[in-house]
**Q** 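I am attaching a structure below and will ask some questions about it afterwards.
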Amino acid sequence: MSYTSEFLKTLDERGFIAQCTDGEALDSAANAGVVTGYIGYDCTAPSLHVGNLISILMLRRLQQAGHRPIVVIGGGTTKVGDPSGKDESRQLLTQNKIDANKQTIRATFERFLSFGDGATDAIMVDNDEWLSGLNYIEFLRDYGRHFSVNRMMSFDSVKLRLDREQPLSFLEFNYMILQAYDFLELNRRYDCTLQMGGSDQWGNIVNGIELTRRCDQNSVFGLTTNLLTTSSGAKMGKTAQGAVWLNDDMLPIYDYWQFWRNTEDADVGRFLRLFTELPLDEITRLEGLEGAELNDAKKILATEATAMCHGRDAAAKAEATATETFEGGGTSADLPSVEVEAAKLKDGLGLLEAFVLAGLAKSNGEARRLVQGGGAKVNDAAQNDIGVTLTEADIQNGRVKLSFGKKRHVLLKPV
């Protein structure tokens, strides 16, 4: 459909929208006044990752259009574990670990949203506030009766596990009820009328909409975005080295910039629309570039996406580091670095161990394959001898540069 509200029109033009419940009514509500919408994030790790970024940007777009975003930190639901998109049960975390993760995750949202007490300022709440205090018997009687087990069994999050004969615990089976209750509680507390999320959350969102209607006769809405994969089918935010974290203490800013720089050609336009705030006509121009010029569009994507997450200065620094490393033939001091005991180099550090220490390989076996495959370099010189030992003689300007291929570089700094 054709949207007229700034919020939905922007999401539609930039490719965010997958599904929407009663889009016409939501569009009218967004034109009529302030809409309060939320997305929930469980605390399963100390940082969110690029896979979460598209939903964070939905909240950002909501606020930019003059509406009110709510970030729900899942201190309560993390104790249960969301089965959506999972082949096996999540590892249950201790309360101390959940609390620690909550603190580090909170800081992420301050880079993307404006928090405060104003009508459109974002707020952050923890669903542990209302979930931990529930009386189980009363909760089942008041809310459990609104859920059909037959229908719950039809949701993809459940069917996937059962079809693959993977166990689904009763604890996880309750997750969709708790998420539905979150929506009801947020509607009561904050007049929240919109839940957003990835398309894998569609069933959970619909449950919350129906529960709110049945309990309080209130009309609320759901909006999802597609779970992103690259044009080659790879899951967005996953690399051979693991997740692309949003916190710089878990992923160097240079590596974050490089992740976006490595975008596949076919994804440049789509990612510019989703993950930057460049004007659409400029994006159309950039995605029309061909050959070597398309690399300029990738650099712009990398710098704009990094600036939004880590700040303009950090993005410019990452771009300058990449330019010096790849185009100037230099060894920038701003490349990711790992400290190594000076005594190791004095006594002789095996090449395979060095690549593992640098994080360029996960094991000696992987490092051996890397070296034997011809992808390893020491101080920009190719090295295919797995028996080589690094010594103090390899230290240049206070560091040893290790490389895997053309794009992965780490500096070993003796301390």
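Here the structure is a predicted model, which is why all the values come from computation and not from measurement. Numbers for residues simply follow the sequence, beginning at 1.
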**Q** Mark yes or no for whether D255, through its side chain, and P252, through its backbone, hold a donor-acceptor pair below 3.5 Å.
**A** no
**Q** What residues, two or more places apart in sequence or in another chain, satisfy side chain to side chain contact (heavy atoms under 4.5 Å, CB included) together with Q64?
**A** R60, R61, E277
**Q** Run the side chain to side chain contact (heavy atoms under 4.5 Å, CB included) test on V378 and V400 for me, step by step, so that the C-alpha distance in whole Å, both residues' side-chain angles and the decisive distance to 0.1 Å come before the verdict.
**A** CA-CA 7 Å; V378 177; V400 181; 4.0 Å; yes
**Q** Could you tell me whether D27 and K9 have a side-chain N and a carboxylate O separated by less than 4.0 Å?
**A** no
**Q** Are more than 12 heavy atoms from other residues, nucleotides or ligands located less than 6.0 Å from atom CD of Q19?
**A**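 Enclosed: over 12 neighbouring heavy atoms sit under 6.0 Å from CD of Q19.
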**Q** Apply the salt bridge (Lys or Arg N to Asp or Glu O under 4.0 Å) test between R273 and each candidate in E287, E13, E304; give the one that qualifies.
**A** E287
**Q** Atom CG of residue position D249 - does it have more than 12 heavy atoms of other residues, nucleotides or ligands inside 6.0 Å?
**A** yes
**Q** Between T224 and I205, is the side chain to side chain contact (heavy atoms under 4.5 Å, CB included) condition met? List the steps.
**A** CA-CA 9 Å; T224 65; I205 291 173; 3.8 Å; yes
**Q** For Y3, which residues count as a ring pair (Phe, Tyr, Trp, His ring centres under 6.0 Å) partner, sequence neighbours excluded?
**A** none
**Q** Do the charged groups of E210 and R213 touch, with an N to O distance under 4.0 Å?
**A** no
**Q** Looking at OG1 of T323 and CD of E319, how far apart are the two atoms once the value is rounded to the nearest 0.5 Å?
**A**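 Spacing of OG1 (T323) from CD (E319) equals 5.0 Å.
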**Q** Taking NZ, NE, NH1 and NH2 as the nitrogens, is one of them in K102 or D99 under 4.0 Å from a carboxylate oxygen of the other?
**A**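 D99 and K102: salt-bridged.
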**Q** For a quick test of reading the model, state the closest non-hydrogen atom pair linking L272 to I283 and the distance between them.
**A** O-CD1, 3.5 Å
**Q** How far apart are the C-alpha atoms of L211 and N207, what are their side-chain angles, what is the distance that settles it, and do they pass the side chain to side chain contact (heavy atoms under 4.5 Å, CB included) test?
**A** CA-CA 6 Å; L211 183 65; N207 275 335; over 6 Å; no
**Q** Taking the side chain as every heavy atom from C-beta outward, state whether L301 and R261 have any pair of such atoms under 4.5 Å apart.
**A**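 No. Closest side-chain heavy atoms not under 4.5 Å.
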**Q** Atom CG of L194 and atom CG of L62: how far apart are they, to the nearest 0.5 Å?
**A**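 L194 atom CG to L62 atom CG measures 6.5 Å (nearest 0.5 Å).
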**Q** Are R189 and W130 close enough that some pair of their side-chain heavy atoms sits under 4.5 Å apart?
**A** yes
**Q** Would you tell me whether T193 and N187 have side-chain atoms, one donor and one acceptor, within less than 3.5 Å of each other?
**A**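 Distance-only check fails for T193 and N187.
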**Q** What is the minimum heavy-atom distance between Y256 and L53, and which atoms define it?
**A**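 That closest heavy-atom pairing would be OH-CD2, 3.6 Å.
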**Q** If you define the side chain from C-beta out and look only at heavy atoms, does anything of L48 sit under 4.5 Å from I56?
**A**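 Yes, at least one pair of side-chain atoms sits under 4.5 Å.
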**Q** Strictly by ring pair (Phe, Tyr, Trp, His ring centres under 6.0 Å), give each pair with a member in residues 261-293 just once, sequence neighbours left out.
**A** W260-F275, F271-F275
**Q** Side chains of D182 and L131: closer than 4.5 Å at any heavy-atom pair?
**A** yes
**Q** Does a side chain donor of either S55 or Y41 reach within less than 3.5 Å of an acceptor in the other side chain?
**A** yes
**Q** If you look at every heavy atom in I209 and F221, which pair is closest and at what distance?
**A**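 Shortest heavy-atom separation between I209 and F221 comes out as CD1-C, 3.7 Å.
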**Q** Return yes if some donor-acceptor pair links the side-chain N/O of H49 with the main-chain N/O of W245 below 3.5 Å, else return no.
**A**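 Not at all, since once roles are kept as given, no pair shorter than 3.5 Å links the two residues.
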**Q** Tell me if a side-chain donor or acceptor on N218 pairs with a main-chain N or O of T212 at a distance below 3.5 Å.
**A**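 Absent.
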**Q** Got a sec, which residues hit side chain to side chain contact (heavy atoms under 4.5 Å, CB included) with S2, two or more places apart in sequence or on another chain?
**A**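 Scan of S2 (side chain to side chain contact (heavy atoms under 4.5 Å, CB included), adjacent residues dropped) gives none.
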**Q** Assess, by modelled atom type and distance only, whether the side chains of T4 and N31 contain a donor and an acceptor separated by less than 3.5 Å.
**A**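 Yes.
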**Q** Do I98 and T94 have side-chain heavy atoms sitting under 4.5 Å apart?
**A**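 Of all side-chain heavy-atom pairs linking T94 with I98, none is under 4.5 Å.
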**Q** Report the distance from atom CZ of F16 to atom OG1 of T10, rounding to the nearest 0.5 Å.
**A**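 Those atoms lie 9.5 Å apart.
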**Q** Of T303, T306, N262, which meets side chain to side chain donor-acceptor pair (under 3.5 Å) against W257?
**A** T303
**Q** What is the minimum heavy-atom distance between I73 and C43, and which atoms define it?
**A**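 Closest approach of I73 to C43, heavy atoms only: CG2-SG, 3.4 Å.
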**Q** Compare all side-chain heavy atoms of I39 with those of I70 and state whether any distance is below 4.5 angstrom.
**A** no
**Q** Between F183 and Y38, is the gap from one ring center to the other below 6.0 Å?
**A**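 F183 vs Y38: aromatic centres under 6.0 Å.
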**Q** If you count every heavy atom of other residues, nucleotides or ligands that lies below 6.0 Å from Q217 atom CD, does the total exceed 12?
**A**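 Yes, the 6.0 Å shell around CD holds more than 12 heavy atoms from other groups.
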**Q** Are any side-chain N or O atoms of T225 and backbone N or O atoms of I17, one a donor and one an acceptor, separated by less than 3.5 Å?
**A**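 No, because the side chain of T225 does not come within donor-acceptor range (under 3.5 Å) of the backbone of I17.
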**Q** To the nearest 0.5 Å, what is the distance between CD1 on I253 and CG on D248?
**A** 4.5 Å
**Q** Roughly how far, to the nearest 0.5 Å, is the CG atom of N101 from the CG atom of L93?
**A** 6.5 Å
**Q** What do the steps show when you test D22 against E24 for side chain to side chain contact (heavy atoms under 4.5 Å, CB included), and what is the final call?
**A** CA-CA 5 Å; D22 200 348; E24 185 174 345; 4.2 Å; yes
**Q** For residues 112-125, which side-chain N or O atoms pair as donor and acceptor with protein atoms under 3.5 Å away, sequence neighbours left out?
**A**
from : atom 1 : to   : atom 2 : distance (Å)
D121 : OD2    : D117 : N      : 3.3
D121 : OD2    : G118 : N      : 2.8

**Q** Do Q195 and Q201 pair up side chain to side chain, a donor and an acceptor below 3.5 Å, judged on atom types alone?
**A** no
**Q** Can you tell me how far SG of C20 sits from CG of L223, rounded to the nearest 0.5 angstrom?
**A**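 These two atoms lie 5.0 Å from each other.
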**Q** Side-chain contact test, heavy atoms from C-beta onward, threshold under 4.5 Å: evaluate it for N247 versus T108 and give yes or no.
**A** yes
**Q** Does a side-chain heavy-atom distance below 4.5 Å link L11 with F7?
**A** yes
**Q** For S363, check side chain to side chain contact (heavy atoms under 4.5 Å, CB included) against everything at least two apart and list the hits.
**A**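 So S363 forms a side chain to side chain contact (heavy atoms under 4.5 Å, CB included) with E366.
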**Q** Is it the case that T77 and D42 place a side-chain donor and acceptor less than 3.5 Å from each other?
**A**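 A pair is found: one side chain offers a donor N or O, the other an acceptor, under 3.5 Å apart.
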**Q** Please give me the minimum heavy-atom distance between V356 and A367, naming the atom from each residue.
**A** CG2-CB, 4.4 Å
**Q** For E264 and T230, work out which heavy atoms get closest and say how close.
**A**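 Closest pair (atom of E264, atom of T230, distance): OE2-OG1, 3.2 Å.
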